[in-house]
Structures are given as C-alpha cells and as structure tokens.
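Here the structure is laid out as structure tokens; the discussion comes afterwards.
Residue numbers start from 1 in every chain, and the chains themselves are labelled A, B, ... in the order their sequence lines are given, proteins ahead of strands. In what follows, every heavy atom counts, from backbone to side chain, and hydrogens, waters and symmetry copies are set aside. Computed from a predicted model, the values in this text were never measured in an experiment.
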2 protein chains.
Amino acid sequence: MTYADFMQRPKRRDKAATRAALLDAARLRFARQGYDGTGVREIAGDVGVDPALVFRYFESKDRLYAEAVHTELPTGLASGRPLTDLAATLLHDVVFADWEEFDGEHPLLVMLRSSGRAAVRDRLRQEICEGYLKDFTERMGGDNPALRAELVGALLLGLGVMRSLAGTPALADAGFEETRELVTRVVAALSEEGPPAAG
Amino acid sequence: MTYADFMQRPKRRDKAATRAALLDAARLRFARQGYDGTGVREIAGDVGVDPALVFRYFESKDRLYAEAVHTELPTGLASGRPLTDLAATLLHDVVFADWEEFDGEHPLLVMLRSSGRAAVRDRLRQEICEGYLKDFTERMGGDNPALRAELVGALLLGLGVMRSLAGTPALADAGFEETRELVTRVVAALSEEGPPAAG
DNA sequence: AAATTAAGTCATCGGTCGATGACAAGAGAC
DNA sequence: GTCTCTTGTCATCGACCGATGACTTAATTT
C-alpha cells in the first residue's frame, strides 16, 4: 500500500471526532489569524473534510468562533488566598502557560486579536471584569481598591501581550520564578498604603 | 437649494484633500474594525468618492493601512528624565490621550486589533522594542534592567487595553493624576533593589 | 475658446466569502 | 442481503473582495 493509498483510504465516519477536530483546527486558525482572517474552507481543509460540515455541526462561523474560544472562567481563584498568590497563579496561566490548543496563547489574548468585532469585544470585557477584576478587588485593601486591582490586571494582561505578541527578549529569556518575584513586588507595592505625599 | 441639491453639487477637485480624507476615514475604520474587517469600498464610501481612487493614491490596501497607522516614534523621550517621568508621559499618551483620528485609541492598540497579520505583528514588535523598551532599559538601573523595563512597558500597554478595550470601570472613572500616582509607585518599586530574600 | 492635464467615475475581472440544499456513501439493524 | 439512518460530498447561490484600465469631467494653460 503506497502512501497515497494510505491517505486516500476511506476515513472512518465519526461525528464526534470530526466535530472535535474542526473545533481544534478552528482554535488554531482563529488564534493565529483572527476571526476575519480565517475562512471556513481553511478550517475544513485542515481537517480534510468538506466545508459544509462546519455549518452542519456549528450552524454558522460566528457560533463556531464562540464555541472555539469558550473556556470556563477559573473558579478556584476565590479561595481566600492573598492577592500576590492570585497574581502568581495568573502570571503562570495567562503569560507563561503554553495553551497549545490556541497556538500557545491564552484565550484572552486570542480574543484580543479579533476585537474588531463588537461581540468579541463585549465578551472580552465581560470575562476580564467578572472573571478576574472582581476577585482582585475583593483582595485589594486600602483606598480605591478597584483602581489598584485594575493595575494588577493590566500588568498581567500587558505581560501576556508583550511576551506572546511582541516577543520581547527579556521576558522570553526570563523564567517564571524570576518574573514572579518582580510581579509580587509590584503587587505588594500596590497593596500597601500609599505614601502621604507622593506627588 | 435643497439639502439633496447641496449634497449633490459638484465637488471641488482637490487631490491632496481627497487623499487626506481617505487616510482619515481609513484610520477610523481600521481602528474600529481591524484590517480584515474593513473594505476599501467602505472607506471610499465614507469620503464619498469612488473606491478606485484608493488604489490610485495608495496603490494597495496594504500600503493604505501602513500609511494610516504610521506615526513617528516619540523622540523626546531620550532626554535624561527619570523613568518615573517617562512612564507618566507614556501613561498620558498611550492610555489617557484621546487619539481621535484613531477612534480614541493609541496606534499601538489599534495595531493590536489587526495583529492577525504577520506584517502588523512585526511592526508592533519593532515599535515596542525599539521605540520604547530601549529607553526604558537605559533608565532602569539595578539587576536585569531589561526585564524590569518590560514590566513597566507591560503595565502601560495593559492599561491601554483595559481602558480602551475592556472599558473597566475604575480606570474610566479615575483621573490621570490618580492613576499616575499609582504607576509612579509601581515604577519606583521596580527600580529599587529587590529584597535580599524575596521568595 | 481650444487644448492639455489632472481628478474622479464606471464597468468589470477573477477570486473568495458564508451559507444552502440536493445528493452519495458508509454503518448498523433486521 | 436489504433497508434505513447518519455522515460526508458536491454544486451552487448571491454577495463581496481587492484590483485594473478605459472613460468622463473639471480645472488649468495657452
């Protein structure tokens, strides 16, 4: 049996597997190229099936995208840990973890790349605000905790962008521990009471 | 003269003005919808001219985009000011300034929205690394200044994303001064020598 | 006022897009 | 072995895409 024969052998028919494969391919493509830069023919081509299957299984490209980037928001965060621990966990998950199903990036950063669409922007806003900032603010004491919590969120989000998108050299070289120490220092500085005359 | 007549009066022919109007419309559209989500017919329609003019004046959609998001990198940054001043300036320009020609966002954030395209990604990387991180690193003393400089950059970039894209409430309410005080505190914390046993 | 140059328009090309419905073929039931 | 349900394919639709070149019309020159 030649290689060509092997490749052209009749494929086993498996709805669930095909659907999952389409979803995987969609995640990679959407992550790399964004929503508008990705075509359903491309996704189907990656899997080796007909593009019409995308609509049979997902109804529309929009719904495919929504399902592809769907991830459950972390729930274990609200477990009474101090904010420095929380930040360290998110530093790991958002910045350093290899989300291989999303081409290496955290889903939040992936959505950033398709934020030209209002639906994506709304969802991004919601996930950031309700999924993360709420927990941050609860653990942030002192004056105007919401603003200082948002600074922590901005640092983590920004680090993700810098590392995965800009590929800045120092962050690429630095290990997790080294970065975590600095992030902890920042979070500590934001948590403590401000100096009486800072200006 | 009715309104319809007014609108349909023969337009004055002015190459420079038309070109500039196309560029302005392109900036708004690209900022809002990203590169792939914007068509040349849309841009020309905003100006009220024929789409063919886009290609006559800009040669291709790619070149139009490149020219639309082109901004000179800030040069006044390298003037011996301390890093806290630098950060405050960039906080103002990147996060709080209203870049009305880009629908309110800083061009770096606009490019983020089209970062599905490799050319945009490369340019974003270059502008961040050469335009900002270099100055940051020079002014950052102590051990591993490059990494700590990137943390400052990440904070500023992240703040821009949070404010303009996620529209987080505290940042929207907070004035520039209030935020500047906190950013200054973070930069100071990153600048000073770390604690001997940080873990 | 005629001629020349420049600005803007029009029709159109080849290609791709998301989406649809009719159809072919493999899998399991009997 | 045949029937039936499911899985996947094919052809195609209408719309839009970026891009091109011929053409019309306004402004300028002579």
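A:Arg148 contributes a side-chain N or O that, together with a main-chain N or O of A:Gly141, makes up a donor-acceptor pair within less than 3.5 Å. Side-chain atoms of A:Trp99 do not come within 3.5 Å of backbone N or O of A:Val94 as any donor-acceptor pair. Checked by atom type and distance alone, the side chain of B:Arg163 pairs as donor or acceptor with a backbone atom of B:Val95 at under 3.5 Å. Side chain of B:Arg27 to main chain of B:Phe102: no donor-acceptor pair is present (N/O by atom type, distance under 3.5 Å, no hydrogens or angles). Without hydrogens or angle criteria, A:Arg121 side chain to A:Ser115 main chain gives a donor-acceptor distance under 3.5 Å. Between the side chain of B:Arg19 and the main chain of B:Tyr57, a donor-acceptor pair closer than 3.5 Å is present.
For the pair A:Arg19 CZ and D:dG8 P, the interatomic distance rounds to 12 Å; values are reported in whole Å. Nucleotide C:dA19 holds its C1' atom 15 Å from the CG atom of A:Leu22, rounded to whole Å. Between B:Lys15 atom NZ and D:dA26 atom C1' the separation is 16 Å, expressed in whole Å. When the P atom of C:dA7 is taken as reference, atom CG of B:Asp14 falls 9 Å away, rounded to whole Å. In this entry the distance linking CG of A:Asp36 with C1' of D:dC16 reads 13 Å, nearest Å. Across the protein-nucleic acid pair, A:Leu53 atom CG and C:dG18 atom P stand 15 Å apart, rounded to whole Å. Atom CZ in B:Arg117 sits roughly 10 Å away from atom P in D:dG18 (whole-Å rounding).
Comparing B:Glu42 and A:Thr18 against DNA chain D, the residue whose closest nucleotide sits nearer the 5' end is A:Thr18. Nearer to the 5' terminus of DNA chain C, by closest-nucleotide assignment, is the contact made by A:Val40 (compared with the other of A:Arg56 and A:Val40). Each of A:Asp50 and A:Arg41 was matched to the nucleotide of DNA chain D holding its nearest heavy atom; the match closer to the 5' end belongs to A:Asp50.
Interface residues of residues 60-70 of chain B facing DNA chain D, ordered by number: B:Ser60, B:Lys61; criterion, heavy-atom separation under 4.0 Å.
Regarding contacts with the backbone of C:dA7, every side-chain N or O of B:Tyr57 stays at 4.0 angstrom or more from both OP1 and OP2.
For the pairing with A:Asp36, the salt bridge (charged side-chain N to carboxylate O under 4.0 Å, His left out) check across A:Arg117, A:Lys61, A:Arg113 returns one residue only, A:Arg117. If you run side chain to side chain donor-acceptor pair (under 3.5 Å) between B:Arg29 and each of B:Asp46, B:Asp103, B:Asp24, only B:Asp46 comes through.
Candidate nucleotides C:dC10, D:dG8, C:dT20 were compared by shortest atom distance to the side chain of A:Phe55, and C:dT20 ranks first.
B:Tyr132 has its side chain out of reach of B:Leu86: every pair of non-hydrogen atoms, C-beta onward, lies at least 4.5 Å apart.
Note on the helix from C:dA1-D:dT30 to C:dC30-D:dG1: angle between the axes of the first and last five pairs equals 10°, rounded to 10 degrees.
A donor-acceptor contact under 3.5 Å is formed by the side chain of A:Arg13 with the base of C:dA25.
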